[in-house]
Amino acid sequence: MRAVICTRYGSADFLQMTNLDTPVPGKKDLIIRIHATTVSAGDIRVRKFQSPPLLWIPMRLVLGLRRPRNPVLGVEFAGEVVDCGSEVTQFQRGDRVFALTGMRFSAHAEYIRLPEHAQITHMPAGMDYEQAAALPYSGTSALCFLRRARIQPGQRVLIYGASGAVGTTSVQLAVHYGAVVTGVCGPDHVSLVREMGASEVLDYTQPSFREQLKRYDVVFDAVGKLPEKQALKVLVPGGTYITVDGQGMIRTTREDLIYIRERAEAGEIWPVIDRFYTLDEIPEAHRYVEQGHKKGNVVIRVQPHHSEE
């Protein structure tokens, strides 16, 4: 099978296409033909080895010393089950599934082997592979952080970086929870964030941006670029500040992924896709994501695109 590997930490130039053996299933494993995956901010952090100073040595030991121990990056995908181990009971050949691979990575390839108990479930009804591939990482991340904030109906919530992958999903989930959402983004994405359900959208490039800020029960920095001191200034007494910065790989479960699927099937959340690339174009996709200005998700078409899907 074809796969893109990271040959060493550093620039996108170290991402190379190669041929690897197609995996075979163990007794409790699935083999999935990947139709679509993404390049996420998490992939960029791993490829560049961006780590808080205090975690540098532990992260090198976990990820790999000179390059990722698993050189095939990619933390989410959607695809079709093509083979099952003899003891698999929850899936069968032909099932359309989506999954979050987490520290296993491995999604930037044509096939993947996952244990049946991994964070994998059936795709949301009504979605194609490309849409479904853009949900696991952003959806479960947004869910995890908003749960930490213990959002309640009627609370005023500020989401900084509201046009990114986690940001767009967070806006939609916060609205689902009954919060009154203010989104912060750049001028090109104001209408998008409003479409996601934000009651108010602020352009952080405007000179009057800080004067437009009010008081909020929750401030969620969805891109890791809002200084904590600035966030605390706009929180109500006892309010909650949360940020994706320095969090590493967050802990999520299959139940979280199922919850995201249910919200998608109910029409309460929907992935935003900025651009499409092919598997061969993954280095270019990395360079684009690395600029930090994407809206929503960058999707990789691994298999040839078919409109009927």
Side-chain angles (χ1 to χ4, degrees), residues 1-6 12 15-25 29-40 42-44 47 70-85 88 90-102 104-116 118-139 165 257 260-261 264-265 270-289 294 296-309:
M1 68 173 183
R2 297 194 315 149
V4 176
I5 62 171
C6 180
L15 298 169
Q16 297 180 5
M17 180 69 73
T18 191
N19 288 310
L20 301 175
D21 291 338
T22 302
V24 295
D29 294 336
L30 306 171
I31 303 299
I32 301 123
R33 184 186 188 205
I34 296 176
H35 282 254
T37 180
T38 66
V39 170
S40 70
D43 293 313
I44 305 300
R47 190 254 298 163
N70 182 352
V72 182
L73 303 182
V75 298
E76 62 184 340
F77 70 88
E80 177 187 0
V81 176
V82 295
D83 201 359
C84 300
V88 170
Q90 299 178 54
F91 300 92
Q92 60 186 1
R93 289 182 180 89
D95 283 351
R96 291 155 57 97
V97 297
F98 73 148
L100 186 68
T101 64
R104 290 188 179 94
F105 303 108
S106 303
H108 291 169
E110 292 180 317
Y111 293 88
I112 189 171
R113 176 177 60 205
L114 283 181
E116 182 182 26
Q119 292 185 56
I120 181 171
T121 188
H122 295 89
M123 280 170 42
M127 279 193 178
D128 61 27
Y129 288 115
E130 293 157 358
Q131 293 164 331
L135 265 181
Y137 177 76
S138 64
L257 190 58
I260 292 300
R261 181 189 70 198
E265 290 179 337
W270 201 261
V272 173
I273 298 176
D274 186 341
R275 295 187 180 187
F276 296 98
Y277 293 87
T278 65
L279 194 62
D280 300 271
E281 296 170 329
I282 277 187
E284 183 180 345
H286 268 250
R287 294 184 187 100
Y288 177 65
V289 174
K294 70 179 176 68
N297 301 269
V298 168
V299 170
I300 306 300
R301 289 170 170 160
V302 179
Q303 305 294 341
H305 178 61
H306 299 290
S307 60
E308 64 269 20
E309 293 176 350

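Because only heavy atoms are used, hydrogens play no part in the values below, and waters and symmetry mates are left out as well, while side chains stay in. None of the values given here were measured: they were computed from a predicted structure.
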Asks: Okay, side chain of Asp43, backbone of Gly74: is any donor-acceptor separation there less than 3.5 Å?
Replies: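 It does hold such a pair.
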Asks: Please work out whether the ring planes of Tyr288 and Tyr277 are parallel, tilted or perpendicular, with thresholds of 30° and 60°.
Replies: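 Rings of Tyr288 and Tyr277: tilted, 30 to 60°.
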Asks: If every non-hydrogen atom of Ile260 is compared with every non-hydrogen atom of Gly139, which pair is closest and at what distance?
Replies: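 Smallest interatomic distance, heavy atoms only, reads CD1-O, 3.4 Å.
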Asks: Rounded to the nearest 0.5 Å, how far does CZ of Arg96 lie from OH of Tyr129?
Replies: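 It is 4.0 Å, given to the nearest 0.5 Å.
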Asks: Counting C-beta onward and ignoring hydrogens, is there a side-chain heavy-atom pair between Arg2 and Asn19 closer than 4.5 Å?
Replies: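 Arg2 vs Asn19: side chains touch.
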Asks: Check the pair Val81, Val88 against side-chain contact (heavy atoms from CB on, under 4.5 Å), reporting the backbone distance first and the verdict last.
Replies: CA-CA 12 Å; Val81 176; Val88 170; over 6 Å; no
Asks: For Thr278, does its backbone N or O pair with a side-chain atom of Glu281 as donor and acceptor, under 3.5 Å?
Replies: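 Side chain of Glu281 to backbone of Thr278, a donor-acceptor pair under 3.5 Å: yes, one is there.
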Asks: Measure the shortest side-chain to side-chain distance between Leu114 and Phe77 over non-hydrogen atoms and say whether it is less than 4.5 angstrom.
Replies: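 Contact flag for Leu114/Phe77 side chains = yes.
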Asks: Report the distance from atom CE of Met17 to atom CG of Asp280, rounding to the nearest 0.5 Å.
Replies: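 Here the rounded value is 4.0 Å.
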Asks: With a 4.5 Å cut-off on side-chain heavy atoms, are Arg113 and Ile31 touching?
Replies: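 They are in side-chain contact.
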Asks: Can you name the closest pair of heavy atoms from Lys294 and Val298 and give their distance?
Replies: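 In terms of heavy atoms, the two residues are closest at CD-CG2, 3.8 Å.
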Asks: Give the minimum heavy-atom separation between Cys84 and Phe91, together with the two atoms involved.
Replies: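 In terms of heavy atoms, the two residues are closest at SG-O, 3.9 Å.
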Asks: Starting at CZ of Arg93, measure out to CD of Glu80 and round the result to the nearest 0.5 Å.
Replies: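 It is 11.0 Å, given to the nearest 0.5 Å.
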Asks: Among Val39, Val75, Leu15, exactly one meets side chain to side chain contact (heavy atoms under 4.5 Å, CB included) together with His108. Which residue is that?
Replies: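 Single pass found, and it is Val39.
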Asks: When you measure from the side chain of Glu116 to the backbone N and O of Gln90, does any donor-acceptor pair fall under 3.5 Å?
Replies: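 Looks like yes, one N/O pair under 3.5 Å.
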Asks: Do His286 and Ile44 have side chains that approach each other closer than 4.5 Å (heavy atoms only, starting at C-beta)?
Replies: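 Yes. Closest side-chain heavy atoms under 4.5 Å.
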Asks: Within a strict 4.5 Å, meaning less than it, do heavy atoms of the Leu73 and Ile282 side chains meet?
Replies: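 No - every pair of side-chain heavy atoms lies 4.5 Å or more apart.
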Asks: Just wondering, do Val72 and Leu20 contact through their side chains at under 4.5 Å, heavy atoms?
Replies: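 Side chain of Leu20 against side chain of Val72, heavy atoms only: contact under 4.5 Å found.
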Asks: Tell me whether Arg261 contacts the main-chain N or O of Met123 through its side chain, where contact means a donor paired with an acceptor under 3.5 Å.
Replies: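 Flag not set: sc Arg261 to bb Met123 has no pair under 3.5 Å.
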Asks: Over all heavy atoms of both residues, which pair between His122 and Phe98 is shortest? Give the atoms and the distance, please.
Replies: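 Here His122 and Phe98 meet closest at O-CE2, 3.3 Å.
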Asks: For Ala109 and Ser106, work out which heavy atoms get closest and say how close.
Replies: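 Taking Ala109 first and Ser106 second, the nearest heavy atoms are CB-O, 4.0 Å.
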Asks: How close do Ile273 and Ala134 get, heavy atom to heavy atom, and via which atoms?
Replies: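 Nearest heavy atoms, Ile273 then Ala134: CG1-CB, 4.3 Å.
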Asks: With rounding to the nearest 0.5 Å, note down the distance linking OH in Tyr137 to CG in Leu257.
Replies: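 Tyr137 OH to Leu257 CG: 14.5 Å, rounded to 0.5 Å.
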Asks: Side chains of Pro115 and Arg104: does their closest heavy-atom pair fall under 4.5 Å?
Replies: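 Side-chain contact under 4.5 Å: yes.
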Asks: Report yes or no: does Asn297 contribute a side-chain atom to a donor-acceptor pair with the main-chain N or O of Val272 at less than 3.5 Å?
Replies: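 At least one qualifying donor-acceptor pair exists.
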Asks: With Thr37, which of Ile300, Val299, Thr101, Val4 fulfils side chain to side chain contact (heavy atoms under 4.5 Å, CB included)?
Replies: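 Only one of Ile300, Val299, Thr101, Val4 forms a side chain to side chain contact (heavy atoms under 4.5 Å, CB included) with Thr37, namely Ile300.
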Asks: How long is the gap from CD on Glu76 to CG on Leu100, to the nearest 0.5 Å?
Replies: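 Atom-to-atom, Glu76:CD and Leu100:CG are 7.0 Å apart.
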Asks: Taking atom CD1 of Ile5 and atom CG of Asn70, what is their separation to the nearest 0.5 Å?
Replies: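 Atom-to-atom, Ile5:CD1 and Asn70:CG are 10.5 Å apart.
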Asks: Would the distance check show the side chain of Gln303 and the main-chain N or O of Ile34 forming a donor-acceptor pair, the cut-off being under 3.5 Å?
Replies: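 It does hold such a pair.
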